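For clarity, every value in this text was computed on a predicted model and none was experimentally measured. Just so it is clear: chains get the letters A, B, ... in the order the sequence lines come, proteins before strands, and each one is counted from 1.
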2 protein chains.
Amino acid sequence: MPEPEEEARPGRATRVAKLPPRERILDAAEELFHAEGIRGVGVQAVADRAGTTKAALYRHFGTKDALVAQWLLIVAADYVAAFDRVEERWPDEPLAQIRGVAAFVVDTLSTVSHRGCPFINSLAELPDRDHPARQVIETHKARQLARLTAMCAAAGLTDPEDAAAEITFVFEGAQVSVQNGSVDRVGERLVAFVEAVLVRHGA
Amino acid sequence: MPEPEEEARPGRATRVAKLPPRERILDAAEELFHAEGIRGVGVQAVADRAGTTKAALYRHFGTKDALVAQWLLIVAADYVAAFDRVEERWPDEPLAQIRGVAAFVVDTLSTVSHRGCPFINSLAELPDRDHPARQVIETHKARQLARLTAMCAAAGLTDPEDAAAEITFVFEGAQVSVQNGSVDRVGERLVAFVEAVLVRHGA
DNA sequence: CTTGTGTGATACCGATCGGTACCAGCTAGG
DNA sequence: CCTAGCTGGTACCGATCGGTATCACACAAG
């Protein structure tokens, strides 16, 4: 235990150490929003967790809604990075890329534990269609589907749109199922299911 | 227009007419919780919409959390009724039953429009695992999966558990996808996808 | 040294939250 | 007729919400 007083020091950083306040706030937002839900976390709690104050938070983001949008932008960037990684690792092997993406989703299933997908959860918490975070979610989902469709097309699957849509169903369904705990061995089932979709579409 | 002053009369019922207060409150809760999210609706708003008061609401339910649980119990009962209906309509035809359930889910997709599944949304809004509504959700999901598994077994599918889990993935994935609007023609895709699952498992 | 900027801290704002107490009026049962 | 119980209406409680203002202090650049 390298930091015996991590939580003890009163006004000091609960966060790693001395990242700039903006990063600390985003990290804290990531943890708290995902764990407790957007509406379940106050700005004061985020500032406390980041080892800073509400004033600094509002100086950087102006609004809680804007902070939520920034947080989801970062989460979306993680997915983009995952797609980039599989494309870099298996160039000209679209089937391997699709399997790589599926493996990434399986990974997030465990790390995300019982709290599900941030996008799905945020969508449930933000019924207002004009909320700034909604646009982040929608463009992310659209981009992800487009990229998946491109992979399916490159793999020579019959009807790539259908295949990508089905894979998306499986991804979302797996995230939800692991959240509500109704289905066991979700990871294995996801991989097997995606494989079946590929086979059925002519892989 | 039979009721020209439906919204005009101040303290009068916005609800249908003269159902007992408890039913009116549950109806109002159904509408508002689903449309705006649990945490986005105050008890005062529910009471107003039901044409009654907070006092009456707390007299009947004691707690907002209890009201949420009661609401989800009703939603779950709708699903149970749908399963009952298909079993009654196609006795000894498990495949037709499964297709009937899928058709029911497709129906809910449109009625539920862009606000998704109440269970998924509520799960996102209630991170507390001890919340009374969580138990309602979990037992409902478990029962639904068990019933689906039984249908798959009765249909003679190889590995009924796998088939039921996959169908569940498709259901949940479809609900989420229609909510975030990333995929189009969700209903058709759902039906086709379920059919493929049945075929692949030996239907 | 001085100036300027961003920080942490605190106090405060109006609004709304879940929940309670109290009261007047209606209706049903004796 | 009179009592009992449920209703709707309102006022209120403490707590928390998102957001703003103010202030002293640190530190880097001129």
Side-chain angles (χ1 to χ4, degrees), chain A residues 7-29 32-33 36-71 122 125-128 130-133, chain B residues 7-29 32-33 36-71 122 125-128 130-133:
Chain A
E7 294 258 357
R9 211 100 63 78
R12 236 48 193 105
T14 312
R15 308 292 329 138
V16 263
K18 275 298 113 184
L19 284 152
R22 189 169 199 276
E23 264 61 53
R24 279 181 289 157
I25 292 171
L26 282 170
D27 283 355
L32 294 178
F33 284 157
E36 322 256 3
I38 296 170
R39 293 205 259 223
V41 176
V43 270
Q44 181 69 64
V46 176
D48 288 350
R49 180 83 158 186
T52 180
T53 60
K54 281 208 297 177
L57 190 152
Y58 277 98
R59 238 175 269 131
H60 281 287
F61 299 96
T63 290
K64 183 186 182 182
D65 290 341
L67 172 61
V68 173
Q70 287 297 317
W71 160 55
S122 298
E125 290 204 88
L126 306 176
D128 179 11
D130 295 330
H131 193 287
Chain B
E7 292 259 358
R9 211 103 62 78
R12 235 47 193 103
T14 312
R15 304 301 322 144
V16 263
K18 276 296 112 184
L19 284 151
R22 189 169 198 278
E23 267 66 24
R24 280 181 290 158
I25 292 171
L26 282 171
D27 284 355
L32 293 178
F33 285 157
E36 323 255 3
I38 297 170
R39 292 205 259 226
V41 176
V43 271
Q44 180 69 65
V46 176
D48 287 350
R49 180 82 157 188
T52 180
T53 61
K54 282 209 296 178
L57 190 153
Y58 278 98
R59 240 176 267 132
H60 281 287
F61 299 96
T63 291
K64 183 186 182 182
D65 291 340
L67 172 61
V68 173
Q70 286 298 315
W71 160 54
S122 299
E125 291 204 90
L126 306 175
D128 179 11
D130 296 330
H131 193 288

**Presence of Arg24(B) side-chain N/O under 4.0 Å of dT7(D) phosphate oxygens OP1/OP2** = no
Taking only nitrogen or oxygen atoms into account, show me every contact under 3.5 Å that the protein makes with nucleotides 18-22 of chain C, one pair per line with its distance.
from	atom 1	to	atom 2	distance (Å)
dG18(C)	OP1	Lys64(B)	NZ	2.5
dG18(C)	OP2	Val43(B)	N	3.0
dG19(C)	OP2	Tyr58(B)	OH	3.0
dG19(C)	OP2	Lys64(B)	N	2.9
dG19(C)	N7	Lys54(B)	NZ	2.7
dG19(C)	O6	Lys54(B)	NZ	2.1

**Prompt:** Any side-chain N or O of Thr53(A) less than 4.0 Å from the OP1 or OP2 oxygen of dA9(C)?
**Reply:** no
**Request:** State which residues pass side chain to side chain contact (heavy atoms under 4.5 Å, CB included) with Glu23(B); sequence neighbours excluded, sorted by chain then number.
**Result:** Leu19(B), Pro20(B)
**Asked** Hey, is the main chain of Leu26(A) close enough, under 3.5 Å, to the side chain of Gln70(A) for a donor-acceptor pair?
**Response** no
**Asked** Is any side-chain nitrogen or oxygen of His60(A) closer than 4.0 Å to OP1 or OP2 of dG6(C)?
**Response** no
**Asked** Residues in side-chain hydrogen bond (donor to acceptor under 3.5 Å, both in side chains) with Gln44(B), at least two apart?
**Response** Asp48(B)
**Request:** May I ask you to decide if Glu125(A)'s main-chain N or O and Arg39(B)'s side chain share a donor-acceptor pair within less than 3.5 Å?
**Result:** no
**Message:** Rounding to an integer number of Å, can you tell me how far Arg49(A) CZ sits from dG8(C) C1'?
**Reply:** 19 Å
In residues 56-63 of chain B, what donor-acceptor pairs under 3.5 Å come from side-chain atoms, sequence neighbours left out?
none

**Message:** Tell me every residue that passes side-chain hydrogen bond (donor to acceptor under 3.5 Å, both in side chains) with Asp65(A), counting only those two or more places apart in sequence or in another chain.
**Reply:** His131(A)
**Asked** Given atom CD1 of Ile25(A) and atom P of dG6(C), what is their separation to the nearest angstrom?
**Response** 14 Å
**Prompt:** Leu57(A) has an atom CG; how far is it from atom P of dG6(C), in whole Å?
**Reply:** 16 Å
